[in-house]
2 protein chains.
Amino acid sequence: MEFKEAKQKFISTWGSLGTLWGINKAMAQIHALLFIAPEPLSMEEIMEELEISRGNASMNLRGLIDWGIVYKVTKPGERKEFFASEKDVNELARQIAKERSRREIEPTIKVLKEISSIESNGSAANEEFIKQTKAMHELTENANALLGRIVSTEQNWVTKTIIKLFK
Amino acid sequence: MEFKEAKQKFISTWGSLGTLWGINKAMAQIHALLFIAPEPLSMEEIMEELEISRGNASMNLRGLIDWGIVYKVTKPGERKEFFASEKDVNELARQIAKERSRREIEPTIKVLKEISSIESNGSAANEEFIKQTKAMHELTENANALLGRIVSTEQNWVTKTIIKLFK
DNA sequence: TTAAACTTTCAATAATTATTGAAAATATGT
DNA sequence: ACATATTTTCAATAATTATTGAAAGTTTAA
């Protein structure tokens, strides 16, 4: 395979993957591009390479910065801004896990806690509701704690976790 | 909070959550409804409760069956089909993790392996590409193995895993 | 074998979400 | 302070995705 083809494939794979960790296609593609770039890129360069508009680039870069996985970089003597991705895959994974937990899992836990605490009126529908949402609440809290635990480990968390688990 | 309100809240929370584990709103809402129902529901009942069309209900129920988390149930003496959710949260989580691994993670690993194996031509762009995609390949493989390991444990996998990890 | 009960399919349409582009805002060098 | 380079915002529009509903298909009971 040619480098150009491989690069294209990486960007598009990342793009469709992105939609499933909660970010849109353009955002994921920008991230992919920065992740494999040896040097920070300007907005102009990103627009050109991905064939997207200025507005689109601007908004999605902001999104990536909010996720904490892309940084603004200034080059001495240059007026415009440059952008760089977090390059360390472990740090990247940790950051994404942290944000997803904060944005999605924790609010869900709050709702589950609230709704599973209603008073039962004794009906089957009511009893089942309480039982099931309580179980889901518990599972989600445990999964979130597990995620936090795995991801807070300093370096190479996945590898280390696997080693521990196989003991 | 009233039961009715709590139920509504559960269905809508699950609905928006759904979009992030890769299934659409209607599908997630149908699942939520079945998950808290004390008895299997008919397609008619699902349509009514969620105010969706017959076609929509039919297609999304099929989707849920493909995910392996909803089953068809026949009641003796009844002509129509009924539907029931997997009720055990651990089994539910296991099934979802298994499917996501198969549908999303494994194909990604394949692509990463392929593109990270290109020959370097010595350019900085090329070297960086290979280095970064190799690192990503490794991380994804490890994360997938970890997921498989956690989820293959018989019962209460999250709890058990946490206990192990805190040792 | 027929008719009624029920389910699936899919083209048309509605709803949602992403993208553009140009005007407004902001930052920088002289 | 000004002119210019650069970035941001956001209403309009395009692209995508979900939903409907009615026709076609299937199953079952008699």
Side-chain angles (χ1 to χ4, degrees), chain A residues 11-34 39-67 70-84 103-104, chain B residues 11-34 39-67 70-84 103-104:
Chain A
I11 289 170
S12 94
T13 303
W14 219 236
S16 30
L17 250 282
T19 59
L20 79 86
W21 46 278
I23 70 177
N24 71 31
K25 205 184 73 186
M27 204 159 138
Q29 290 188 341
I30 293 172
H31 176 255
L33 184 63
L34 294 175
E39 294 296 335
L41 301 179
S42 69
M43 194 136 81
E44 210 73 40
E45 289 170 305
I46 293 166
M47 286 163 59
E48 243 169 62
E49 188 107 29
L50 300 177
E51 302 183 71
I52 60 175
S53 72
R54 186 172 301 282
N56 200 354
S58 172
M59 287 192 311
N60 287 119
L61 278 166
R62 169 124 75 95
L64 287 166
I65 291 168
D66 288 347
W67 268 84
V70 162
Y71 316 112
K72 276 191 186 175
V73 179
T74 47
K75 282 195 187 178
E78 287 270 20
R79 189 130 149 190
K80 57 171 163 280
E81 292 169 322
F82 291 79
F83 300 88
R103 296 180 190 210
E104 300 154 10
Chain B
I11 290 170
S12 95
T13 302
W14 219 235
S16 31
L17 250 281
T19 59
L20 79 86
W21 46 278
I23 71 175
N24 70 34
K25 206 184 71 184
M27 204 160 138
Q29 289 188 342
I30 293 173
H31 177 255
L33 184 62
L34 294 176
E39 294 295 335
L41 300 180
S42 68
M43 194 136 81
E44 211 72 40
E45 289 169 307
I46 293 166
M47 288 163 59
E48 241 170 65
E49 188 107 29
L50 300 177
E51 300 183 75
I52 60 175
S53 72
R54 186 173 300 282
N56 200 353
S58 172
M59 288 193 311
N60 287 118
L61 278 166
R62 169 125 74 96
L64 286 166
I65 291 168
D66 288 347
W67 268 84
V70 162
Y71 318 111
K72 276 191 185 174
V73 179
T74 49
K75 283 196 187 176
E78 288 270 18
R79 190 131 151 190
K80 57 171 164 282
E81 292 168 323
F82 291 79
F83 300 89
R103 297 178 189 210
E104 300 154 9

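A, B, ... follow the sequence lines: proteins, then strands. Residue 1 opens every chain.
- Using a 4.5 Å heavy-atom cutoff, the side chains of A/Asn56 and A/Leu50 are not in contact.
- Nucleotides of DNA chain D nearest to A/Phe83 and A/Met59 differ in position, and the one nearer the 5' end is that of A/Phe83.
- Take the nearest nucleotide of DNA chain C for B/Asn56 and for B/Lys80: the residue whose nucleotide is more 5' is B/Lys80.
- Inter-residue side-chain proximity for B/Arg54 and B/Met47 is flagged as met; some heavy-atom pair is nearer than 4.5 Å.
- An angle of 30°, rounded to 10°, separates the two end axes of the helix from C/dT1-D/dA30 to C/dT30-D/dA1, each defined over five pairs.
- Side chains of A/Phe82 and A/Lys72 form no contact here, defined as non-hydrogen atoms less than 4.5 Å apart.
- Applying the 6.0 Å contact sphere to CZ of B/Arg103 captures more than 12 heavy atoms from other residues, nucleotides or ligands.
- No side-chain heavy atom of A/Asn60 sits under 4.5 Å from any side-chain heavy atom of A/Ile52.
- Taking atom CZ of residue B/Arg62 and atom C1' of nucleotide D/dG25, one finds them 13 Å apart after rounding to whole Å.
- Read 5' to 3', the first and last nucleotides of DNA chain C with an atom closer than 4.0 Å to a heavy atom of chain A are C/dA18 to C/dG29.
- Between B/Lys25 and A/Glu78, the one whose closest nucleotide on DNA chain C sits nearer the 5' end is B/Lys25.
- Between A/Gly18 and A/Ala28 the shortest heavy-atom distance is CA-CB, 3.8 Å.
- Across all their heavy atoms, B/Val70 and B/Ile65 have their closest contact at O-CG1, 3.4 Å.
- How far CD of B/Glu51 is from CD of B/Glu49: 9.5 Å, rounded to the nearest 0.5 Å.
- Side-chain to base pairing of B/Arg79 with D/dT28: one donor and one acceptor N or O lie within less than 3.5 Å of each other.
- Look at CG on A/Leu61: it is 11 Å from C1' on D/dT7, rounded to the nearest Å.
- The number of heavy-atom neighbours closer than 6.0 Å to CD of B/Glu78, taken from other residues, nucleotides and ligands shown, is above 12.
- Between A/Trp67 and A/His31 the shortest side-chain heavy-atom distance does not fall below 4.5 Å.
- Taking a 4.0 Å limit (strictly below) on heavy-atom distances, residues 40-52 of chain B reaches DNA chain D at B/Glu51, B/Ile52.
- At a threshold of 4.5 Å between non-hydrogen side-chain atoms, the residues A/Leu34 and A/Leu61 count as touching.
- Across the protein-nucleic acid pair, A/Asn60 atom CG and D/dT8 atom C1' stand 13 Å apart, rounded to whole Å.
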